[in-house]
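A short worksheet on the structure shown next.
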Amino acid sequence: MKNYILIVSLFWLSFSCNNFSKTAQSSNKNTKDLVDIKPEGDGLKQEAHYFAVNYIFTESKIEFISADKQEGELNYFLVSPIDLFLVAYKNGKLIYFTEFPDPLAKRTVGENETVQKLDEGYGTINFPETFSKPNKNITIYIFKVKNYIENFEINVLSEITSLEKQLFIEKKYSINSENLARLLKE
Amino acid sequence: MKHIKIIFVLILSICIQSISFSQTKSTLLYNGSTASKFDIVFMGDGFSSANQTEYNNMVADYFKAMFTHDNGNLDNVLSELQDAFNVYRVNLTSAESGVTQYTCNNDDCSNNSPNQKNTSLNFKYSGCWNCCWMSKSSNTNTKINNALSAVGLSGAEFVVVILNETGFGGCSYGKVLSITKTTSNKVLLHELGHSVGKLADEYTRAGCHGPSNPSAVNVDKNSNPNKWNKFARSSITTGNPLEYNVDGFEGGHYKTDCIYRPSSNSTMKGNTNLFNPPSYNEFWKRNKPKSKYNFNKPIIGNFQGNSYSDVVLHYGNYITAYPTERPKGFTGSGASTTRPANSYITTKKVKGSGGTWYISSKDKFYVGDFTGDGYDDLLVFYPNGQYSRLGILKSVPNGFECIKKVYYNLPGWQMRDGDKFFIADFNGDNKDDFYIFNATNWNQGYMGMFRSTGSNFSYVKRYDKYLPGHYMSASDKYHVADYTGDNKEELVLFNPNSKVTRMFKSSGTSLSKTKEYFANLPGWTSKSGDKYYIADINGDGKDDIYVFNGTNWGPEYLLLLRSDGTKYNYTKRYDDALPGWNMNNRDKFYVADIDGNGKEDLFVFNNQDWSTQYLGRVITNGSTVNVNYQSNWIGGWNLGNSDKLIVGNRKTGRDNLFIHNTNWFSYMWSGNSGLYIKGMYKDYIHAFKHHDYGWY
């Protein structure tokens, strides 16, 4: 009898545990405001996806941790970066740009804000789907902005080395595109 | 038996673990895929299941302060740009309430943990400024990443982690900001200035800034850099709000000297409610590409009841409204210029006693005072076949209120895509009603009359196939006109196929034909290209008519006809040219009382037929017209091929003019010698105190 009760309890627990631990549920329990509804289409391909790639950053290198597929078609627009930015060139032509905050910078909040340097930090870089296809002609660099750049949108298209020489930007890391493609495929 | 017991215990402990760290995602604002928007995620650490309501309410309050207009601020850049964002709340249930506390001793940011808590993300709080107030444990980053991954938000641009801790403080690491639950709205707004606006701190501490020029727009080594020159002038602007007075103020980016900021104070300096103009502009510059905001569909009306024409923009599934006024809160510079000022609502849903209207890009808006309170409201029609909908959005001081929604059918009328609405007060009770016409979705034409009750529309009459003496067809062009002068707005019809003109008087409950013209008008042979412009030309309270034809003849013609209450009488015809204006094929005319004398004139615009663009004022004395024009430039506005005009009709005084294209918008008044700009806007509407190019 005792064994029977134990076995039944085992099955009940497994079943309930699975239900209790469901993730990614949408819930509006206990909210002050209504949960938002999905609007009409934004005109972008909804079956498209991109990758959110997590890295560990140190002063000298970045190391891949994981990648998540995310919904939507990732496009980019050029705007003057203020911190770190990634550029990808294919046969010398810019094919992607994204900027993100420096994972090695820790900043206090409040009127006495300071910025401290970290030895190690976590960062996420988003890549369009195209980077999951191997292409040895793609070069990917991450730069740190050192000075305000006038007309960055024009300069980045082809003059990136010039900006580097003039010390507006500093190359910090490079990412092997074929390696990236392999990791994104996995 | 022993094995079963072990398995039981194992499953039990796994279950407890997963229950403790279960998570849910709630969407507070959704505008598109994570790829296309700037995603902001709120998370909590140290909130047990008993604390979830507190956490939810905290996030709701932050959301309301940041992303709505319901906060009393003079401007709300995040709310104005809200369709560029998605905002989510992730609920993580910690096993224990509160977060781990650790001590620090002056400069020694020791990680001693005298009070350990079992929480979802393992943040630790010290309350020491020099230790960034709090710190992560070795597995916190992994936990954050896992939490984001579990809800499909790994690509989110900004994560706000709220600690269940009452002490002060916050710490920013890359895209993650951790704050305590006592963090004020102003501090969070400042932090969003960093993450969303990419702005620098304007705080100062003693010392001279080094030689490098910071990359953010709101600090510079130069006291008058190019990046501020649109907003700055050689002498400082004056008055309130102080944040809007742009000049080179020494100090910023953590130093008092050798560096400048654009305003004495602002959100990025002293956590005030306002960003200075270069910072505000930077929000738009960086986030507008993720938004559908544009000037393609402006709606002009007296929504605020102050006798000037206000502006509503319809873009994507949003509307945003701007009052035309002397900007609220302004003193000194820029205070006395009436112009479209800071928005008072940006929304994709309009709530009210009649339900919630969800704005659609397909919505068609019509302006009228349907409630009779002196404020223009919006009639909104969503064409969707047999599932079409109609709504009344009443103007209220802080936006609009949906007071009625009608699904699919009006009384006696099945709504369809081809329904055309003609706003008219046809019973003279000072509440706008409407005529509704459809000859495309059915095998015959229909005309309906619906009277406003103030909160609804009631059926008055429907004409099937025939108006009195007229067979309705899809090519009919109807115009609303009070040609009898009895304050009941009736209909004037022109059919370009048959060339017939018919005048229908309203009794308040029905229409009757008072006059018809077969292929001609007094002094005029009707042609298919005739365009009718209803206007009270002589200011006698009876609507007359201008008729233009630029296509069917060699020369172009403009005809003036005067109504005597039942028919039109000839006044004047111009052949090929108006005094001061050489008419051309693609002249476009717009009725307006330009000089404010009660006689309605015309603006004429031609941006197609000449080597440059011309905008003329066709001023009438009641019998004849005279034109003066401007070409190519009006002040800082370069007339262009894609420009469109809208007249801001006012009850009294001079009507105003709006000119717009996709990314530019202007508001013009008519002076004695021509039009001049009162407000000019690129990319967004906002009132600043000064703009070097004459904008804003």
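Sequence lines set the chain letters: A, B, ... in the order given, protein chains first and strands last, and positions in each chain run from 1.
Note on B/E157, B/K175, B/E191: by heavy-atom pairs under 4.5 Å with chain A, the leading option is B/E191. When the candidates B/K290, B/K227, B/H190, B/K285 are compared by the number of heavy-atom contacts under 4.5 Å with chain A, B/K227 comes out ahead. Among A/E99, A/Q70, A/R107, A/K146, the residue with the largest count of heavy-atom pairs under 4.5 Å with chain B is A/R107. Put simply, of B/G170, B/S195, B/G169, the one with the most heavy-atom pairs under 4.5 Å next to chain A is B/G170. When each of B/N145, B/V187, B/V59, B/V87 is checked for heavy-atom pairs under 4.5 Å with chain A, B/N145 comes out on top.
Put simply, the side chain of A/V79 does not reach to within 4.5 Å of the side chain of B/K198, judged on heavy atoms. Looking at heavy atoms from C-beta onward, A/Y122 lies out of side-chain contact with B/I144 at the 4.5 angstrom threshold. The shortest side-chain heavy-atom distance between A/E71 and B/S33 falls under the 4.5 Å cut-off. Contact annotation: the side chain of A/E120 never approaches that of B/N141 to less than 4.5 Å [non-hydrogen atoms, C-beta and beyond].
The shortest heavy-atom contact between B/Y173 and A/L118 is CD2-CD1, 4.4 Å. Listed here is the closest heavy atom pair of A/P81 and B/S215: O-CB, 3.9 Å.
At a 4.5 Å heavy-atom cutoff, B/L148 makes no contact with chain A through either its backbone or its side chain. For B/N86, no part lies under 4.5 angstrom from a heavy atom of chain A.
Not a single donor-acceptor pair under 3.5 Å links the side chain of B/N213 to the backbone N or O of A/Y148.
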